[in-house]
Amino acid sequence: MTVERFSGAELLIKALAELDVEYIFGYPGGSVLDIYDAIFRQDDVSHILVRHEQAATHMADGYTRATGRVGVVLATSGPGNTNCITGIATAYMDSIPMVVLAGQVASSLIGGDAFQETDIVGCSRPIVKHSFNCRSVAELPNVVAKAFYLAATGRPGPVVIELPKDILIPDNVAPYVMNKDVKIRSYNPNVKGHSKQIKKAVETIVKAERLVVYTGGGIIIADAAEQLTALVERLNAPCTNTLMGLGGISGLHDNFIGMLGMHGSAEANKAMANADVILALGARFDDRVTNKVEKFCPNAKIIHVDIDPTSISKTVNAHIPIVGLVDVVIGQLDKELDAVGHKASDNQFNIWWDEINEWRKLNSFSYETSSELIKPQQVIESVYKHTNGDAYVTSDVGQHQMFAAQYYPFKKPRQWINSGGLGTMGFGFPAAMGVKVAFPDSHVVCITGDGSIQMNIQELGTCLQYNIPVVIVSLNNRSLGMVRQWQDMIYGGRHSSSYMDSLPDFIKLAEAYGHVGMQVNHPDELDGAIEKAFAIKDRLVFVDVLVDENEHVYPMQMRFGAVDDMWLKKGVKV
Amino acid sequence: MRRIISILLENEPGALSRIVGLFSQRAFNIESLCVAETEEPSLSRITISTYGDDKVLEQITKQVNKLVDVIKVANLTERSHIEREILLIKVLAMNDKARTEVKRITDIFRGDIIDIGKQIYTVQLTGDDDKISAFIKILSNETEIIEVVRSGTVGIARGEKALRAN
Ligand SMILES: Cc1ncc(C[n+]2csc(CCOP(=O)(O)OP(=O)(O)O)c2C)c(N)n1
Ligand SMILES: [Mg+2]
């Protein structure tokens, strides 16, 4: 019996199907036409044609952040690939697993400046977890299996596979063989915390008087939210989340003291500054959290749990470093707490809670409403109300992003999706599309700004073609608000290029693409409009909300200060 | 402080560029870098000579280790080790005096004259960084140096300790 043989393009699609890939987000071109032909001739894997490759990467990314499954992107050689760079970098900074199938000119042409040749592996090297130059048809399925494995395990991240045209064409065939049980001798991702370190950590925790549990995106990625919540409850400790970690514990939980960092709550930043022990779980002491590193929590003993050893003691020195998968380590900590006879009823932190509750009274997220102008914070609260707090919320980058993080308490992990590490404007809308594709029956809302939305606005076309009815709520302040805020605070109010002159008519724009457009400009109309937007389930709704253009995001850490040196309001220091 | 880092990694296309890219991307220094296959053809061994304080070195080691192709990383300067570099140097040897001096200095340093042209000697010398630098300096006092090529440092731990895949 002869073994059936397939072209590289066919092998690729078979491999994706075997790995249960539902969607490819992509855009065709010369070098990948064989792959598009193979997609056309099967039903297992669907393709979504975006309008710009950057959007394909963010769509895959949003899909992944909501589902936990590896997102797949397909782009043609040259400009198709370079258009993916921002999305790859976005995924890399937030540790999002992604596989990018990058077309390439034929092997014989590589290096000769052929038409649409770019060294995509070289271009993307600093922003990928790993990459493959696939050079033979027969190895293709195994390369794909390895790429998925690397993308999803350990500290996840994007993986690029370069696919030269000659290994995809029909005249070059090989049998289909895939070994799903991937082993790579130089890569061992399943790490348990060192038992000595676990013991030390628990000794320190049970002796603590002012413990803070500080958690980041690692909790979300590891699906460890329930475990985290149980640990926090058992310790009856205050818990704060980073921008990436929101939803790790419910935003409504009594022990949650809000987001920390640059625009975090007063109680979160105060608690950090006054802690004697900080238990950091899947967070990386980013500069948007620490403020001036030299002044960061000088009196705290730091227990730092992370899967990536490079994250530990990179900015802030850890006293008790623990390298390991955060879900596994929480399990180990729990067992060790049992072993030392820790009881929840010990009320270890009573005095500490009294202090924290005093800081809570600062009410750092209070804001003044107006009878004439819509405040951006109000819009988020209205969105919360009309989605029962259950929507998937994606955001772009700017003031609106911070307002969304501050005023929409996320009850569950994966509900809040934003580009925290790279801060990519243009991320929110395509990311929302990726989420909606995965969860068509859920509310999916993109909170955006008049600047950011224009960075991937062309995807309104994709939404019509594939019927992806997300809700876009744009906090339209006629300016690059976050830039303007910094100019107000640091640059003497000189608004250099932070105004958005000549904004399009967003209603007409939405309508031109076949969607519903709405505009709101009075506080009295806000609730009704938002309610209506979410009641329309089968069409994309673009809600252009004209908000107060002078609103700033508060609280805000003072530049070069300690973690809790912050402006509560204009001119009011904490 | 100067450090010698040994890296054992997969002998695959792109592996070296990942290492070099990492050093430039993260602003780590490279003083010299040597790479070649090991006894096991699927593995390469890289020796990098770099400098930085303990914190920088810790990051370098961790970051290199994190690369998927890297199997092991060791900081040789941490314990007793042997370092060698090879130098090929061309010097002007126009007259008897210069020839005698070059020969004498080469002998003292236990180097070899490995090629002779009409007016030029080519000398080979092995040793650590210090010895090679001293040799070049002394030669330059006696005659004109035409060309210098240094291999960069390779190193290995003393005694039983070995850097192996498993
Ligand atoms: C691609 C990209 N370019 C520039 C920036 C810098 N930046 C950060 S916030 C911001 C303003 C965003 O304006 P808008 O989307 O209207 O949001 P607002 O702050 O007004 O809510 C800019 C330009 C960025 N984050 N991403
Ligand atoms: Mg704006």
Side-chain angles (χ1 to χ4, degrees), chain A residues 89 92 95 107 110-111 119-136 139 143 146-147 149-162 164 182-189 191 284 293 304 306-318 321 323, chain B residues 5-30 33 35 37-46 48 50 52-75 78 162-166:
Chain A
Y92 180 73
S95 310
S107 312
I110 289 180
D119 174 12
I120 186 57
V121 166
C123 290
S124 62
R125 188 176 299 119
I127 50 168
V128 294
K129 179 164 174 184
H130 196 62
S131 39
F132 293 94
N133 299 82
C134 194
R135 289 292 180 264
S136 95
E139 70 170 327
V143 168
K146 274 190 197 168
Y149 171 69
L150 285 172
T153 53
R155 178 176 183 175
V159 176
V160 167
I161 309 179
E162 184 189 72
V182 178
K183 284 202 180 71
I184 298 173
R185 67 173 164 180
S186 55
Y187 177 76
N188 303 299
V191 187
R284 61 187 177 90
V293 171
H304 192 176
D306 205 288
I307 183 62
D308 181 357
T310 71
S311 286
I312 295 180
S313 298
K314 181 167 60 181
T315 54
V316 170
N317 264 350
V323 176
Chain B
I5 295 168
S6 279
I7 305 165
L8 200 63
L9 77 170
E10 297 290 350
N11 186 3
E12 272 180 14
L16 176 62
S17 59
R18 281 189 195 101
I19 301 274
V20 176
L22 176 75
F23 272 73
S24 68
Q25 174 196 352
R26 300 206 177 257
F28 301 146
N29 301 297
I30 297 184
L33 182 151
V35 58
E37 198 175 287
T38 65
E39 85 286 1
E40 155 70 50
S42 69
L43 294 175
S44 298
R45 167 98 172 220
I46 295 180
I48 294 182
T50 179
D53 60 20
D54 286 346
K55 193 160 167 111
V56 170
L57 187 84
E58 183 183 330
Q59 265 299 311
I60 294 180
T61 319
K62 285 172 165 180
Q63 292 286 359
V64 170
N65 236 324
K66 184 172 150 181
L67 292 174
V68 169
D69 321 287
V70 170
I71 295 176
K72 273 193 184 149
V73 184
N75 171 11
E78 223 167 39
L163 191 68
R164 300 180 57 80
N166 36 48

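For clarity, every value in this text was computed on a predicted model and none was experimentally measured. The sequence lines fix the lettering, A, B, ..., with proteins before strands; numbering per chain opens at 1.
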Less than 3.5 Å apart and able to act as donor and acceptor by atom type: which atom pairs between chain B and chain A qualify?
unit_1  : atom_1 : unit_2   : atom_2 : d
B:Glu10 : OE1    : A:Arg185 : NH2    : 2.9
B:Glu10 : OE2    : A:Arg185 : NE     : 2.7
B:Ser17 : OG     : A:Arg125 : NE     : 3.4
B:Ser17 : OG     : A:Arg125 : NH2    : 3.2
B:Arg18 : NH2    : A:Ser131 : O      : 2.8
B:Arg18 : NH2    : A:Ser131 : OG     : 3.3
B:Gln25 : NE2    : A:Pro126 : O      : 3.3
B:Ser42 : OG     : A:Arg185 : NH2    : 2.8
B:Lys55 : NZ     : A:Ser313 : O      : 3.2
B:Gln59 : NE2    : A:Thr310 : O      : 2.8
B:Lys62 : NZ     : A:Pro309 : O      : 2.9
B:Lys62 : NZ     : A:Ile312 : O      : 2.7
B:Lys66 : NZ     : A:Asp308 : OD2    : 2.6
B:Val68 : O      : A:Ser186 : OG     : 2.5

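Two residues are said to be in side-chain contact when any heavy atoms from C-beta on lie closer than 4.5 Å; B:Val56 and B:Asn29 fail this criterion.
Among all heavy-atom pairs drawn from B:Phe28 and B:Leu22, the shortest one is CD1-O, 4.3 Å. The two residues B:Leu8 and B:Leu163 come nearest to each other via the heavy atoms CD2-O, 4.0 Å. The heavy-atom pair separating B:Val35 from B:Leu16 by the smallest distance is CG1-CD2, 4.0 Å. Taking each heavy atom of B:Ala165 and B:Leu43 in turn, the nearest pair found is CB-CD1, 3.8 Å. Residues A:Ala147 and A:Ile161 approach most closely at CB-CD1, 3.6 Å, considering heavy atoms.
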Next item on the list: Please assess A:Ile184 against A:Leu150 for the test side-chain contact (heavy atoms from CB on, under 4.5 Å), listing each intermediate value before the final yes or no.
Entry: CA-CA 9 Å; A:Ile184 298 173; A:Leu150 285 172; 3.9 Å; yes
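For a residue to count as touching a neighbouring chain, one of its non-hydrogen atoms must lie under 4.5 Å from one of that chain's; by this rule A:Ile312 touches chain B with backbone and side chain alike. Of the two parts of B:Val68, the backbone and the side chain both hold a non-hydrogen atom closer than 4.5 Å to a non-hydrogen atom of chain A.
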